[in-house]
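Notes follow once the structure below has been shown.
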Amino acid sequence: FHGPALKKIVGRYTELTGRMPLPPLWALGHHQSRYSYYPEATVERVVREYRARDLPLDVLHLDIHYMDGYRVFTWDRARFPDPAAMHRRLAAQGVHTIAIVDPGVKQDESYSVYQEGVAQDHFLRRADGSLFVGKVWPGDSVFVDYTKEAARRWWGDLHHTLLDQGVAGLWTDMNEPSDFLDQT
């Protein structure tokens, strides 16, 4: 691409390749994150302290302890009895939440995400056809086979579980995928 100036070159390039929409303004604000805020009372106390001290706070991150036993797309109802109500209270104070999503799905026959994934063959398999089982936060875990279009669509749709309850953004972590075992 030819100039005369860098701005013109970038403009021509993005005209061809497409331009990214601007993120929401809150996403550019102050984010508060640490290894887990729980229970709900602690989340609300952190927000109260920011407001009492007249400090900016746009986003609070929820790490793995909001989940029920580290089962992705669930809430620990002892720690967060009414996530939707909590999100409404935080939103009323101008605070958005971002929740972590880890790709390791707990291998648990009573867990709906695991059940659906197995039934629809959405998880990675070894050469012998058995499920690839690794260990991450929930213990024995399986991982989505992202080479399958149906699996990608299913996984993406699961995020509505969090978004529909008021989570404003998602933070994908351990997507290498991580495994606490060395299975080389």
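All residue numbers refer to positions in the sequence shown, counting from 1. As the structure is a prediction and not an experimental result, all values here were calculated from the model.
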**Message:** Over 60° means perpendicular and under 30° means parallel, so tell me whether Y146 and W155 are parallel, tilted or perpendicular.
**Reply:** perpendicular
**Request:** Can you label the angle between the Y50 ring and the H30 ring as parallel, tilted or perpendicular, going by 30° and 60°?
**Result:** tilted
Less than 4.0 Å between a side-chain N and a carboxylate O, is that true for [Y] and [X]?
X: E44; Y: R48; result: no
X: E49; Y: R45; result: no
X: K148; Y: D121; result: yes
X: D140; Y: K135; result: yes

**Asked** Within 45 degrees of the axis of the six-membered ring of F132 and under 6.0 Å from its centre: does R126 put its NZ or CZ there?
**Response** no
**Message:** Would you say H61 and T97 are linked by a side-chain donor-acceptor pair, where the criterion is simply a distance under 3.5 Å?
**Reply:** no
**Item:** Check: Y37/H65 side-chain N/O donor and acceptor closer than 3.5 Å
**Value:** no
For the [atom1] atom of [X] and the [atom2] atom of [Y], what is their distance to the nearest 0.5 Å?
X: D82; Y: R88; atom1: CG; atom2: CZ; value: 6.0 Å
X: Y38; Y: L62; atom1: OH; atom2: CG; value: 12.5 Å
X: L124; Y: D145; atom1: CG; atom2: CG; value: 4.5 Å
X: E116; Y: H122; atom1: CD; atom2: NE2; value: 8.0 Å
X: W75; Y: F80; atom1: CH2; atom2: CZ; value: 6.0 Å
X: R153; Y: Q120; atom1: CZ; atom2: CD; value: 10.5 Å

**Prompt:** Does CG belonging to D128 count more than 12 external heavy atoms closer than 6.0 Å?
**Reply:** yes
**Neighbour count >12 (heavy atoms, 6.0 Å) for atom CZ, R53** = no
**Item:** Check against side chain to side chain contact (heavy atoms under 4.5 Å, CB included), Y114 and E109
**Value:** CA-CA 7 Å; Y114 177 76; E109 298 294 335; 3.6 Å; yes
Can you give me the closest heavy-atom contact between [X] and [Y], atom names plus distance?
X: K8; Y: P4; value: CG-CD, 4.0 Å
X: P81; Y: A78; value: CD-O, 4.4 Å
X: P56; Y: R51; value: C-NH1, 4.3 Å
X: G104; Y: P138; value: O-CG, 4.1 Å

**S141: which of D102, V136, V133, D108 passes side-chain contact (heavy atoms from CB on, under 4.5 Å)** = V136
**Asked** Name the one of L162, D173, V167 that satisfies side-chain contact (heavy atoms from CB on, under 4.5 Å) with V101?
**Response** L162
Within-4.5 Å side-chain heavy-atom neighbours: [X] and [Y]:
X: S130; Y: R125; value: no
X: L90; Y: V43; value: yes
X: F143; Y: L131; value: no
X: F123; Y: V105; value: yes

Short side-chain to backbone donor-acceptor contact, [X] and [Y], under 3.5 Å:
X: Y35; Y: I64; result: no
X: H160; Y: G156; result: no
X: R19; Y: G11; result: yes
X: R71; Y: K106; result: no

Examine [X] and [Y] and state if one hydrophobic cluster contains both, with Ile, Leu, Val, Met, Phe, Trp and Tyr joined whenever side-chain heavy atoms are less than 4.5 Å apart.
X: V95; Y: L25; value: no
X: W26; Y: M20; value: no
X: L55; Y: L57; value: yes

**Asked** Should I100 and M67 be marked as a side chain to side chain contact (heavy atoms under 4.5 Å, CB included) after you check the CA-CA gap, both sets of side-chain angles, and the distance that decides it?
**Response** CA-CA 9 Å; I100 193 169; M67 299 178 206; 3.7 Å; yes
**Residues W171, D63; criterion side chain to side chain contact (heavy atoms under 4.5 Å, CB included); working and verdict** = CA-CA 9 Å; W171 155 32; D63 208 328; 3.6 Å; yes
**Asked** Hey, mind stepping through I98 and L170 against side chain to side chain contact (heavy atoms under 4.5 Å, CB included) and telling me if it holds?
**Response** CA-CA 5 Å; I98 292 180; L170 302 164; 5.6 Å; no
